[in-house]
Amino acid sequence: MTITTAVPTPFIVSAPGKVIIFGEHSAVFNKNAIAASVSSLRTYLLVEQSEDFDGVELNFPDINYDSRWSNDDINKINRDVIKETSTLKHVCPKLKEQLDFVLKDLKDSLNYFAALSFLYLYLSLCPDARGLKFTVKSTLPIGAGLGSSASISVCLALAFARLNGHISSNECISKEDKEFINHWAFIGECCIHGTPSGIDNAVATYGNAVRFQRQDDGTTQFHQINNFPQLPMVLTNTKIKRSTKILVSGVADLAKRKPLIAEPILEAMDQVAIRGSELLSDISKDIHYDELLELIRVNHGLLVAVGVSHPGLEVIKQLSDELKIGQTKLTGAGGGGCAFTLLEKNVDHSSVRKFHETLHEKYKYQIFETGLGGVGCCFTELRTEEFKSLKHLFIGPATTQDISLALLPSPDSTLSWVK
Ligand SMILES: Nc1ncnc2c1ncn2[C@@H]1O[C@H](COP(=O)(O)OP(=O)(O)O)[C@@H](O)[C@H]1O
Ligand SMILES: C[C@@](O)(CCOP(=O)(O)O)CC(=O)O
Ligand SMILES: [Mg+2]
């Protein structure tokens, strides 16, 4: 079997999910937004040699999807069309058309978008890397508003950029390399949900927290917010399924039909995010904490107005209001998925416990314990013994705790993560 790669295998790449604090949806309309990475909820991608196949194998157990494409399948895609993708800031319609043909059996299923982003990035970045198997496992909930689509796109972009030799240093991932990864992850996001703002892939690439704004010419402007405060918060997953693509296109439809109504709402979201970022950079002044809580309440109301909440999310908001523990807003695309509750400064802990218990026992919601900020994308090459001891995490019924315990790129990790 011929294996043409610039770096040794096996290796693992990883990227975090995110919480949008202010500005989901309005970010798509070039308004300001603030998001932070969720340090312990991440996607991991294992790249290894195929055992018995000289094409490309894909294994996405989290969504029950696997596939393999032979060298013949791959060689049928027109090389001139592939070359065109390198200069584009969006998805190349000609390549998408060819991939639609390859993926015709998946059309209209959720797996189609995952396969499309995989093949699009693979062909654009390392079409000659063959005889490889790519397995993805995430400790993030998928389709829940915590940016799993961006996190997997960053993992794919980083892995493929290593395989073609674009990223060859084993010391660190340079600023230029991160720009490259962020660009291609944005294209992966475009494959998954059409018109992303780019905030999710920026956070998954760079980690920490960012204030972000997409510009009218399609470029993005973002600043890392250093020393992002560890906000006292509760992150709740309703487990109600929804699709970012459909929710984002619903808001675009409203903006098109009722521009005079939608634009002031989006403008108000912009002002919330601008003021929110001022407050978050100087949270030490307690006097502003109430204003931050107020902004959370206002931002949620504006998201309700553009039609992206869900009765299941309103349950969380209502309960936090009833128990007077803080302010809740949906986070991510909404329509189900997750909500973020910022707790009052001197919150009554027994009320927070009641909040947890009710959401868990009565509604069967899931509560995440995670800090905000932390490492962005990273990779680690595996020694033979490491590969042997870690492989089961990607093929067996490993829990998210098992995966985090063994792989989390924390300061006390036994693996040598390159960041
Ligand atoms: N671990 C994963 N394995 C396979 N596909 C994934 C994974 N994580 C994300 N995806 C892709 O991203 C989609 C979910 O993205 P999206 O609707 O934007 O929700 P979110 O980004 O909030 O999780 C999935 O349907 C799938 O195509
Ligand atoms: C709704 C939006 O602002 C965030 C979507 O996040 P998620 O896919 O729901 O995690 C879209 C975007 O900014 O690309
Ligand atoms: Mg997404």
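In this chain, residues are counted from 1 in sequence order.
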Visitor: Ignoring hydrogens and geometry, is there a side-chain-to-backbone donor-acceptor pair from Glu386 to Arg383 under 3.5 Å?
Guide: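 Yes, because the side chain of Glu386 sits within donor-acceptor range (under 3.5 Å) of the backbone of Arg383.
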Visitor: Could you pull out all donor-acceptor pairs under 3.5 Å where a side-chain atom in residues 11-21 meets a protein atom, sequence neighbours excluded?
Guide:
{"unit_1": "Ser14", "atom_1": "OG", "unit_2": "Arg42", "atom_2": "NE", "d": "2.8"}
{"unit_1": "Ser14", "atom_1": "OG", "unit_2": "Arg42", "atom_2": "NH2", "d": "3.4"}
{"unit_1": "Ser14", "atom_1": "OG", "unit_2": "Thr43", "atom_2": "O", "d": "3.1"}
{"unit_1": "Lys18", "atom_1": "NZ", "unit_2": "Gly145", "atom_2": "O", "d": "3.3"}
{"unit_1": "Lys18", "atom_1": "NZ", "unit_2": "Asp200", "atom_2": "OD1", "d": "3.2"}
{"unit_1": "Lys18", "atom_1": "NZ", "unit_2": "Asp200", "atom_2": "OD2", "d": "2.8"}

Visitor: Before you tell me yes or no, could you show the steps for Asp54 and Arg130 under side chain to side chain contact (heavy atoms under 4.5 Å, CB included), namely the whole-Å CA-CA distance, both residues' side-chain angles and the distance that decides it to 0.1 Å?
Guide: CA-CA 6 Å; Asp54 59 4; Arg130 306 288 170 92; 5.7 Å; no
Visitor: For residues Phe160 and Phe134, establish whether the separation of their ring centroids is below 6.0 Å.
Guide: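 Between Phe134 and Phe160, which both carry aromatic rings, the centre distance is below 6.0 Å.
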Visitor: Can you give me the closest heavy-atom contact between Asp62 and Val136, atom names plus distance?
Guide: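 What the structure gives for the nearest pair is OD2-O, 4.0 Å.
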Visitor: Looking just at side-chain N and O atoms, do Tyr112 and Asp100 make a donor-acceptor pair shorter than 3.5 Å?
Guide: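 On atom types as modelled, these side chains qualify, holding a pair under 3.5 Å.
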Visitor: Indicate whether the side chain of Ser70 and that of Asp72 have a donor and an acceptor atom separated by less than 3.5 Å.
Guide: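 Per modelled atom types, Ser70 and Asp72 side chains form no pair under 3.5 Å.
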Visitor: Considering non-hydrogen atoms only, spot the tightest contact between Leu372 and Ala36 and give its length.
Guide: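 Answer, listing the atom of Leu372 first, then Ala36: CB-CB, 4.1 Å.
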Visitor: List for me each residue that meets salt bridge (Lys or Arg N to Asp or Glu O under 4.0 Å) alongside Asp105, sequence neighbours excluded, and say none if there are none.
Guide: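 With neighbours one apart ignored, the set is empty.
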Visitor: Can you confirm whether the side chains of Glu314 and Ser309 place a donor and an acceptor under 3.5 Å from each other?
Guide: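 A donor-acceptor contact under 3.5 Å links the two side chains.
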Visitor: Is there a side-chain contact between Leu45 and Phe60 in this structure, where contact means two heavy atoms from C-beta onward sitting under 4.5 Å apart?
Guide: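 No; the side chains remain at least 4.5 Å from each other.
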Visitor: Do any N or O atoms from the side chain of Trp69 and from the backbone of Leu58 form a donor-acceptor pair under 3.5 angstrom?
Guide: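 No, because the side chain of Trp69 does not come within donor-acceptor range (under 3.5 Å) of the backbone of Leu58.
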Visitor: Can you tell me if His360 uses its side chain to pair, donor with acceptor, with the backbone of Gln366 under 3.5 Å?
Guide: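 No, His360 side chain to Gln366 backbone: no donor-acceptor pair under 3.5 Å.
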Visitor: Any side-chain heavy atom of Phe118 sitting closer than 4.5 Å to one from Ser67?
Guide: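 Result no, sub-4.5 Å side-chain heavy-atom pair not found.
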Visitor: Would a line drawn from the ring center of Phe222 to the ring center of Tyr206 be shorter than 6.0 Å?
Guide: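 Yes.
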Visitor: Can you tell me if Thr341 uses its side chain to pair, donor with acceptor, with the backbone of Gln327 under 3.5 Å?
Guide: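 No; judged by distance alone, with no hydrogens or angles, the pair does not exist.
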Visitor: Taking atom types as modelled and ignoring hydrogens, do the side chains of Ser416 and Thr380 form a donor-acceptor contact shorter than 3.5 angstrom?
Guide: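 No, Thr380 and Ser416 have no side-chain donor paired with an acceptor closer than 3.5 Å.
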Visitor: Do Leu382 and Lys391 have side chains that approach each other closer than 4.5 Å (heavy atoms only, starting at C-beta)?
Guide: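 No, their side chains stay 4.5 Å or more apart.
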Visitor: Can you tell me if Asn299 uses its side chain to pair, donor with acceptor, with the backbone of Ile296 under 3.5 Å?
Guide: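 Side chain of Asn299 to backbone of Ile296, a donor-acceptor pair under 3.5 Å: no, none is there.
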Visitor: Can a salt bridge be assigned to the pair Arg79 and Asp128 using a cut-off of 4.0 Å between side-chain N and carboxylate O?
Guide: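 Yes, charged N to carboxylate O under 4.0 Å.
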Visitor: Would a 4.5 Å heavy-atom cut-off, applied to side chains only, mark Cys172 and Lys419 as touching?
Guide: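 No - every pair of side-chain heavy atoms lies 4.5 Å or more apart.
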Visitor: Taking side chain as C-beta onward, heavy atoms only, is Glu171 less than 4.5 Å from Val418?
Guide: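 They are not in side-chain contact.
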Visitor: Go through the side-chain N and O atoms of Ser410 and Asp412 and say whether any donor and acceptor fall under 3.5 Å apart.
Guide: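 Short answer, yes.
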Visitor: So, for Glu48 and Thr135, which heavy atoms are closest and what is the spacing to 0.1 Å?
Guide: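 That closest heavy-atom pairing would be OE2-OG1, 4.1 Å.
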Visitor: Could you measure the distance from the CG atom of Leu46 to the NZ atom of Lys133? Nearest 0.5 Å is fine.
Guide: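 So the CG of Leu46 and the NZ of Lys133 are separated by 8.5 Å.
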Visitor: Between the main-chain N or O of Cys92 and the side-chain N or O of Glu84, is there a donor-acceptor pair closer than 3.5 Å?
Guide: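 Looks like no, no N/O pair under 3.5 Å.
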Visitor: With a 3.5 Å distance limit and no angle check, can you tell me whether Asn201 reaches the backbone of Ala185 through a side-chain donor-acceptor pair?
Guide: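 Not confirmed, Asn201 side chain does not pair with Ala185 backbone.
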Visitor: Suppose we screen for salt bridge (Lys or Arg N to Asp or Glu O under 4.0 Å). Which residues come up paired with Lys175, at least two apart in sequence or across chains?
Guide: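 So Lys175 forms a salt bridge (Lys or Arg N to Asp or Glu O under 4.0 Å) with Glu179.
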Visitor: Extract all donor-acceptor atom pairs below 3.5 Å that involve side chains of residues 255-265 and protein atoms in other chains or at least two apart in sequence.
Guide:
{"unit_1": "Arg257", "atom_1": "NE", "unit_2": "Asp253", "atom_2": "OD2", "d": "3.0"}
{"unit_1": "Arg257", "atom_1": "NH2", "unit_2": "Asp253", "atom_2": "OD2", "d": "3.4"}
{"unit_1": "Glu263", "atom_1": "OE2", "unit_2": "Lys31", "atom_2": "NZ", "d": "2.9"}

Visitor: Any idea how Tyr365 and Tyr363 line up, ring-wise: parallel (<30°), tilted (30 to 60°), or perpendicular (>60°)?
Guide: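 Rings of Tyr365 and Tyr363: tilted, 30 to 60°.
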Visitor: Nearest heavy-atom pair of Thr238 and Gly337: which atoms, and what distance?
Guide: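 Minimum heavy-atom separation between Thr238 and Gly337: OG1-O, 2.8 Å.
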Visitor: So which atom in Leu408 and which in Ser40 form the shortest heavy-atom distance, rounded to 0.1 Å?
Guide: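 It is CD1-CA, 3.8 Å.
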Visitor: Around atom CD of Gln215, are there more than 12 heavy atoms from other residues, nucleotides or ligands closer than 6.0 Å?
Guide: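 Check passes, neighbour count above 12.
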Visitor: Main chain of Gln224, side chain of Arg211: is a donor-acceptor contact present, judged purely on distance under 3.5 Å?
Guide: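 Such a contact is absent between Arg211 side chain and Gln224 backbone.
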Visitor: Assess whether atom CD of Glu385 is packed by more than 12 heavy atoms of other residues, nucleotides or ligands within 6.0 Å.
Guide: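 Result for CD/Glu385: enclosed.
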Visitor: Measuring from atom CZ of Phe228 to atom CG of Asn208, what distance do you get when rounded to the nearest 0.5 angstrom?
Guide: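 The distance works out to 10.0 Å.
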Visitor: Tell me if a side-chain donor or acceptor on Ser404 pairs with a main-chain N or O of Gln401 at a distance below 3.5 Å.
Guide: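 The answer is no, because no donor-acceptor pair under 3.5 Å joins these two groups.
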Visitor: Could you check if a side-chain atom of Leu280 sits within less than 4.5 angstrom of a side-chain atom of Leu231, using non-hydrogen atoms only?
Guide: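 Heavy-atom side-chain distance check passes, below 4.5 Å.
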Visitor: Can you tell me how far OG of Ser320 sits from NZ of Lys329, rounded to the nearest 0.5 angstrom?
Guide: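 Result: 13.0 Å between the selected atoms.
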Visitor: Using distance alone, with no hydrogens and no angle criterion, decide if Ser148 and Ser138 have a side-chain donor and acceptor under 3.5 Å apart.
Guide: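 Per modelled atom types, Ser148 and Ser138 side chains form no pair under 3.5 Å.
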Visitor: Under 3.5 Å, is there a donor-acceptor pair between the Ser149 and Glu189 side chains?
Guide: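 Yes, Glu189 and Ser149 have a side-chain donor paired with an acceptor closer than 3.5 Å.
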Visitor: If you compare all heavy atoms of Pro409 against all heavy atoms of Val375, which two are closest, and at what distance to 0.1 Å?
Guide: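 Closest heavy-atom pair between Pro409 and Val375: O-CG2, 3.8 Å.
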Visitor: Which residue pairs pass the salt bridge (Lys or Arg N to Asp or Glu O under 4.0 Å) test with at least one member in residues 141-159, sequence neighbours excluded?
Guide: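 Not a single pair qualifies under salt bridge (Lys or Arg N to Asp or Glu O under 4.0 Å).
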Visitor: Is any side-chain heavy atom of Lys107 less than 4.5 Å from a side-chain heavy atom of Lys104?
Guide: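 Lys107 does not reach Lys104 side chain to side chain.
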Visitor: Please report the interatomic distance OG(Ser26) to CG(Asp270), rounded to the nearest 0.5 Å.
Guide: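 Those atoms lie 7.0 Å apart.
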Visitor: Name all residues meeting the salt bridge (Lys or Arg N to Asp or Glu O under 4.0 Å) criterion together with Lys83; count only those two or more places apart in sequence or in a different chain, and write none if there are none.
Guide: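 Partners of Lys83 under the salt bridge (Lys or Arg N to Asp or Glu O under 4.0 Å) test: Asp80.
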Visitor: Quick check: does any side chain N or O of His193 sit under 3.5 Å from a backbone N or O of Cys190, one acting as donor and the other as acceptor?
Guide: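 Checked: no pair found.
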Visitor: Are any non-hydrogen side-chain atoms of Asn170 and Glu381 less than 4.5 angstrom apart?
Guide: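 Asn170 vs Glu381: side chains touch.
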Visitor: What's the verdict on side-chain hydrogen bond (donor to acceptor under 3.5 Å, both in side chains) for Thr400 and Thr139, showing C-alpha distance, side-chain angles and the deciding distance?
Guide: CA-CA 5 Å; Thr400 53; Thr139 59; over 6 Å; no
Visitor: Verify the neighbour count for atom CG of Leu110: are there more than 12 heavy atoms of other residues, nucleotides or ligands below 6.0 Å?
Guide: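 At most 12 heavy atoms, drawn from other residues, nucleotides or ligands, come within 6.0 Å of this atom.
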Visitor: I want to know whether Phe180 and His166 have ring centres closer than 6.0 Å.
Guide: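 They qualify: ring centres under 6.0 Å apart.
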Visitor: Might you confirm whether atom NZ of Lys362 has over 12 heavy atoms from other residues, nucleotides or ligands at distances under 6.0 Å?
Guide: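 Result for NZ/Lys362: open.
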